[in-house]
2 protein chains.
Amino acid sequence: MTQATGPARSHPATLGDVARLAGVSIATASKALNGRSQVRAETRQRVIEAAERLSFRPNQLARGLLAGRTGTVGLLTSDLEGRFSIPILMGAEDAFGAGEVAVFLCDARGDAIREQHHVRALLGRRVDGLIVVGSRTDPRPSLGRELPVPVVYAYAPSDDPADLSIVPDNVDAGRIAVEHLLACGRTRISHITGDPGYLAARDRAEGARAALADAGLDLVGEPRFGAWSEGWGRAATALLLDRHPDLDAVLCGSDQIARGVMDVLRERGHRVPEDVAVMGFDNWQVLTSSSRPPLTSVDMNLEQVGRAAAHALFTAISGVRRSGIEALPCRVVIRGSTAPLS
Amino acid sequence: MTQATGPARSHPATLGDVARLAGVSIATASKALNGRSQVRAETRQRVIEAAERLSFRPNQLARGLLAGRTGTVGLLTSDLEGRFSIPILMGAEDAFGAGEVAVFLCDARGDAIREQHHVRALLGRRVDGLIVVGSRTDPRPSLGRELPVPVVYAYAPSDDPADLSIVPDNVDAGRIAVEHLLACGRTRISHITGDPGYLAARDRAEGARAALADAGLDLVGEPRFGAWSEGWGRAATALLLDRHPDLDAVLCGSDQIARGVMDVLRERGHRVPEDVAVMGFDNWQVLTSSSRPPLTSVDMNLEQVGRAAAHALFTAISGVRRSGIEALPCRVVIRGSTAPLS
DNA sequence: TAGCTTTCAGAAAGCCTTTTCGGTCCATTT
DNA sequence: AAATGGACCGAAAAGGCTTTCTGAAAGCTA
């Protein structure tokens with residue numbers, strides 16, 4: 001089924017073609033199509049019809065060349081595979097797509113060299129701005145202050161406070177998670193979480209502690225840092241139950257950990273949520289909704305982060321710069337694994 | 001921290017700036033930088049240094065305007081959320097990024113209107129080609145034959161056989177899955193799968209049957225179509241065990257189903273893989289590696305699909321059209337949930 | 001020295017659109 | 001009738017780059 005047909009496809013129509021067909025000059029055609037006022041209604045109509053007949057689409061390259069703005073932005077992810085980038089990317093794409101901005105997607109695969117390469121390529125294409133999406137919430141190196149276009153960092157903040165970064169508020173996330181458990185009447189709350197090398201893990205733990213302190217309480221045992229996996233959830237729960245068999249809630253650093261926790265709780269004869277409430281983080285649908293019972297989880301509102309980053313970039317492009325780290329609130333999504341203590 | 005600084009950033013350097021600094025004409029500067037031959041080595045060196053000093057990046061807009069090719073392609077997904085689009089997108093981005101092609105990402109969110117809008121916008125930006133990524137393997141409406149640029153469909157084939165589509169071979173996937181189970185010495189194999197409205201489900205079942213037939217066997221019971229969920233996996237397994245307590249393998253239509261299947265098998269006292277082998281589909285890391293035991297699964301090689309689509313688009317742009325549906329092989333990733341019958 | 005080729009640099013056209021400015025035509029005013 | 005004004009249209013420049021073609025200078029042969 002392979003056949004060479006040569007690349008010859010008739011050139012897309014240009015404004016000149018439209019003008020010729022309508023019997024006017026190029027200038028008039030342009031004005032007619034762009035709603036400028038210096039055209040008689042009848043002439044405008046003729047041009048519009050001609051444009052339609054040729055299915056004319058103005059060449060954005062030429063337009064961008066002239067205007068100095070291209071209506072494009074670069075979206076630089078360090079890790080497409082990771083599931084956190086995707087919602088952010090969706091939010092940003094959504095916010096831009098609604099306007100007339102097109103998005104160049106570049107995945108650096110966590111490689112600084114490749115990232116640099118992509119930045120240069122994007123600047124060559126004269127993007128109006130850049131969004132840099134990290135794969136974890138830990139600060140990342142800035143692209144530098146010398147770039148000719150504005151940059152907004154999303155999820156992972158830049159390490160240069162002069163840059164603008166939009167991130168989820170993990171401290172607050174830990175806080176609202178605990179507040180939900182307290183509202184359910186739980187008081188003996190333990191925390192099993194992931195890799196302590198992740199700022200997100202430390203932030204959430206800090207927020208959780210703060211909320212407990214506000215209520216005059218403390219965590220049951222120290223926060224247990226480990227890995228973001230089900231396996232760690234299971235192992236940590238086993239240890240935890242040996243030491244503190246009386247706990248009535250476990251706040252988990254991720255939904256995966258929570259799954260492991262629930263498995264061991266059930267195996268050991270603790271009912272969820274009657275005896276022990278369990279909460280996860282990330283609100284990862286496939287895990288939260290198919291577990292038994294469905295898992296209450298903190299959603300980081302990542303789409304919102306993406307949208308906010310896009311919006312910030314927009315305003316930066318039009319001249320209003322901000323800087324610093326802006327933290328967006330998270331939200332608790334309540335499901336069956338937490339319920340008021342009866 | 002908000003401060004208005006005005007959009008005034010010094011214009012990026014143009015070829016004219018470079019030429020002036022090097023003391024040559026614009027034409028010479030262009031030739032020097034592009035490795036054309038009509039420049040003395042010494043002059044070329046001077047130009048290159050000047051370009052470096054100004055960190056000159058040729059304006060791709062201007063270049064594209066002139067060349068008629070922009071070095072950009074559109075990547076049109078119908079559903080970014082779905083996890084199948086992502087690896088395809090990664091593969092394509094990877095294949096293009098290696099060349100000098102930039103990718104416009106557009107998510108139509110499953111809406112035909114929005115898709116049409118994006119196509120028009122992309123054509124306005126004079127992309128050299130389009131890749132359309134579907135969210136399921138069922139055929140989707142063609143964008144039409146009248147587009148001025150080549151189009152390649154990935155994952156979901158176009159319903160017009162004149163288009164080129166690159167898809168995973170689900171029939172073969174069902175076949176190799178069963179062949180693996182047979183190689184493990186299993187002969188009483190059952191199939192629990194997802195929504196029968198999905199071509200993928202029907203294709204896999206067909207492939208599985210064909211492989212069994214080749215071995216002179218048949219499925220234990222009819223394939224059980226249902227949903228792609230853990231819940232369905234659990235429910236179907238319960239029914240299945242009642243009717244056929246002697247089975248020694250379950251082939252599942254997805255990793256989620258497989259997880260549910262394994263849960264119920266374990267609860268009913270069947271050991272995996274000693275008594276019953278379990279296989280999933282999709283090779284979704286988070287499910288396969290954290291289940292107990294880790295799940296053997298069929299990987300659809302989606303990155304490969306993306307790369308192949310990118311490559312096909314490349315060759316189409318340079319004039320060699322293909323058409324029809326090209327199915328790429330899948331592969332079995334063996335983990336603990338399948339093992340030779342001892 | 002005249003005439004040739006070779007080597008290298010620059011002028012200019014072209015890609016497609018927007019916008020400014022000047023010009024034409026007609027209707028109105030003095 | 002002449003002058004003014006408004007409505008409409010087109011010529012031309014600009015934006016940054018590539019490419020072709022013209023030109024000039026140098027090196028070579030006869």
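Sequence lines set the chain letters: A, B, ... in the order given, protein chains first and strands last, and positions in each chain run from 1.
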Next item on the list: Determine the contact category for Leu61(A): base if any of its heavy atoms lies under 4.0 Å from a base atom, sugar-phosphate if only primed atoms, P, OP1 or OP2 are that close, otherwise nothing.
Entry: nothing
Under-4.0 Å salt bridge between [X] and [Y]:
{"X": "Glu100(A)", "Y": "Arg125(B)", "value": "no"}
{"X": "Asp160(A)", "Y": "Arg145(A)", "value": "yes"}
{"X": "Asp94(A)", "Y": "Arg307(A)", "value": "yes"}
{"X": "Arg136(A)", "Y": "Asp138(A)", "value": "yes"}

Phosphate OP1/OP2 of [N] contacted by [X] side-chain N/O (<4.0 Å):
{"X": "Asn59(B)", "N": "dG15(D)", "value": "no"}
{"X": "Arg63(B)", "N": "dC17(D)", "value": "no"}
{"X": "Thr28(A)", "N": "dG10(D)", "value": "yes"}
{"X": "Ser30(A)", "N": "dT17(C)", "value": "no"}

Next item on the list: Between Ala27(B) and Ala62(B), name the one whose nearest nucleotide on DNA chain C is closer to the 5' end.
Entry: Ala27(B)
Rounded interatomic separation in angstrom, taking [atom1] from [X] and [atom2] from [N]:
{"X": "Leu65(B)", "N": "dT18(D)", "atom1": "CG", "atom2": "C1'", "result": "11 Å"}
{"X": "Arg20(A)", "N": "dC16(C)", "atom1": "CZ", "atom2": "C1'", "result": "13 Å"}
{"X": "Ile26(B)", "N": "dG14(C)", "atom1": "CD1", "atom2": "C1'", "result": "14 Å"}
{"X": "Lys31(B)", "N": "dC17(D)", "atom1": "NZ", "atom2": "P", "result": "16 Å"}
{"X": "Arg69(A)", "N": "dT19(C)", "atom1": "CZ", "atom2": "C1'", "result": "16 Å"}
{"X": "Asn34(B)", "N": "dG16(D)", "atom1": "CG", "atom2": "C1'", "result": "13 Å"}
{"X": "His11(A)", "N": "dC15(C)", "atom1": "NE2", "atom2": "C1'", "result": "9 Å"}
{"X": "Leu66(A)", "N": "dC17(D)", "atom1": "CG", "atom2": "C1'", "result": "15 Å"}

Margin query: Is it true that Asp107(A) and Thr77(A) share a donor-acceptor pair across their side chains at a distance under 3.5 Å?
Written below: yes
Notebook entry, point to check: Under a 4.0 Å heavy-atom cut-off, which of residues 36-53 of chain A touch DNA chain C?
Noted result: Arg36(A), Gln38(A)
Notebook entry, point to check: With a 4.5 Å heavy-atom cut-off, do Phe96(B) and Val73(B) have their side chains touching?
Noted result: yes
Item checked: Straight-line distance of Arg83(B) CZ to Leu302(B) CG, nearest 0.5 Å -> 9.5 Å
